[in-house]
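One structure is given here, and the rest of the page talks about it.
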Amino acid sequence: MTDTPSTTAPKKLFIKTYGCQMNVYDSERMAEALGAKGYVTTEVAEEADMVLLNTCHIREKAAEKVYSDLGRLRPLKAANPDLKIGVAGCVAQAEGEEILRRMPLVDLVVGPQSYHRLPEMVEAKGRVIDTDFPEEDKFDHLPERKALRGPTAFLTVQEGCDKFCAFCVVPYTRGAEVSRPASRLLAEARDLVSRGVREITLLGQNVNGYHGEGPSDLGGGTWGLGRLIRELAAIDGVERLRYTTSHPNDMDDDLIAAHAEVPQLMPYLHLPVQSGSDRILKAMNRKHTAEQYLRLIERIRAARPDILLTSDFIVAFPGETDADFEDTMNLIRAVGYGAAFSFKYSARPGTPAAEKPELPAEVADARLHTLQALILEQQRAAQAAMVGREVGVLYEKAGRLPGQMVGKSDHLHAVHVYDPTGKVGELVRVRIAASAPNSLGGERIRA
Ligand code: 5AD
Ligand code: SF4
């Protein structure tokens, strides 16, 4: 007798990812973990056997969106009572019990440190919740990564944060800083390269605070991010490296030197400052002044003069005066950013700043508008300055026009290139010829 092949169709998994790149990475890993249980991913929520929302708690708007999106799933659950609905990520961590109470349609809640337990959880009867910070490393319990979609990949090297900025929920939702051992990261990078990846972005809530255990065959000890970058760059096939997100106080000499010495480390750095006012930086518990940040930028630019800098800003933090805001505008003028994310302050339950009175919404709106106009001006200027220059571009996909390829430049600008024989995954030299609002156009240079 021969075994009869199973005729059950694979179960379909729909994942919606909110928030940061760490969640993008986590969603991929959760899909792989559930793949071992026979799930394949789908882009269509209506055909799914399981819907998983991988959520973000950073600002109130992002967190509330989860509840409205869950509400929108009611008709699907009514049409298919077997549909499993899961909430993962930082809202799950922070508000797990409340989600179960407010949203009877939710079957499982899993925090960001527990998603390796997801395969058991989907098989459990009844509603389940796991928001522990377990001792074991979740990455040790996840299956090997298999299929990959393109030439770029994320690699989580560090998680959590011990900085406790007064406005931020991350230290509570993601927990204390933990760095993965370097041997695992080198192995994971080799594996990524063997499957076609050429660019790796190292991820961590405080990535430049990385302090992982060095492999014993490479001398052991504790490695900082600079050392890790040097060793990753030595892997054959790792052509580009980036890292995000960093705290100014963790930019050590070795990491700055890596920007000068490691050709694979791209000339791009996201270094959030949040505010340019010393009074507000202090109230935010950022533990540095505007002047110290500017001096740091000088040192980074001395190491890598063409580096493109980006930042995050919060406007209307409690107590922010017009003069404080003007200090932020002046800092932006002094640095000259390539781009930035900016947000109105959002009071988050459980954070120290949430105890303080908020500024009127009109003040926050006006400041955000003013700041974004300046950033946009700088973004345009930075793009215009690329015209005429030769840059590397890694093709990520075909463009909308026939014969067109799209990829990212060394400075992380999106670049369109007319290149009918171009292939995804090719790293080519391009002369930038034009700047559009959100991308550049250029011509491939053939040697
Ligand atoms: N309100 C507004 N913005 C916030 N951020 C973090 N917490 C808050 C908050 N409570 C912003 C910071 C951070 C980015 C990821 O999100 O600028 O760098
Ligand atoms: Fe949040 Fe970043 Fe501050 Fe950590 S360093 S508390 S993640 S803003």
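Start at 1 and go down the list; that is how both ligands and their atoms are numbered. Every heavy atom of this structure was used, including side-chain atoms; hydrogens, water molecules and symmetry mates were not.
- By the 4.5 Å heavy-atom criterion applied to side chains, Asn206 and Gln158 are counted as neighbours.
- In this structure, Arg367 does not pair ionically with Asp365, as no charged nitrogen and carboxylate oxygen lie closer than 4.0 Å.
- For ligand 2 and Phe164, the ligand atoms under 4.0 Å from any heavy atom of the residue are 6 (S).
- For the pair Phe167 and ligand 1, the shortest N or O to N or O distance falls below 3.5 Å.
- Proximity of Cys165 to ligand 2, defined as any heavy-atom pair under 4.0 Å, is shared by backbone and side chain alike.
- The only member of His57, Gln93, Glu159 that meets side-chain hydrogen bond (donor to acceptor under 3.5 Å, both in side chains) when paired with Arg174 is Glu159.
- Heavy atoms of Pro171 found under 4.0 angstrom from ligand 2 belong exclusively to the side chain.
- When only modelled atom types and interatomic distance are considered, Thr310 and Tyr268 share a side-chain donor-acceptor pair under 3.5 Å.
- Between Asn285 and Phe167, every side-chain heavy-atom pair lies at or beyond the 4.5 Å cut-off.
- Both the backbone and the side chain of Ile58 come within contact range of ligand 1, each with a heavy atom under 4.0 Å.
- Between the side chain of Asp107 and the backbone N or O of Ile85, at least one donor-acceptor pair lies under 3.5 Å.
- Summarising the contacts of atom 17 (O) of ligand 1 with Arg59, Gln274, His270, the nearest heavy atom is found in Gln274.
- Residue contacts with ligand 1 for Phe343 involve side-chain atoms from C-beta outward but no N, CA, C or O (heavy atoms, distance under 4.0 Å).
- Under the side-chain contact (heavy atoms from CB on, under 4.5 Å) rule, Ser409 has a single partner from Val430, Leu394, Val391, which is Val391.
- With ligand atoms numbered from 1 in the order given, ligand 2 contributes 5 (S) to contacts under 4.0 Å with heavy atoms of His247.
- Just one of Thr222, Leu218, Leu232 meets the side-chain contact (heavy atoms from CB on, under 4.5 Å) condition when paired with Arg227; it is Leu218.
- Among the atoms of Cys161, an N, O or S atom is found under 2.8 Å from atom 4 (Fe) of ligand 2.
- Residues Tyr115 and Asn54 bring no donor and acceptor atom of their side chains to less than 3.5 Å of each other.
- Looking at Glu320 and Lys344, no side-chain N of the basic residue comes within less than 4.0 Å of a carboxylate O on the acidic one, giving no salt bridge.
- Considering Ser346, Ala354, Ala340 only, the shortest heavy-atom separation from atom 1 (N) of ligand 1 involves Ser346.
- The shortest heavy-atom distance from Arg286 to ligand 2 is under 4.0 Å.
- Among all non-hydrogen protein atoms, the one lying nearest atom 1 (Fe) of ligand 2 is Cys168 SG, 2.2 Å.
- The distance from ligand 2 to the heavy atoms of Phe167 drops below 4.0 Å at these ligand atoms: 8 (S).
- Close to ligand 1: Lys344, with a non-hydrogen atom less than 4.0 angstrom away.
- Protein heavy atom in closest approach to atom 14 (C) of ligand 1: Asp312 OD2, 3.4 Å.
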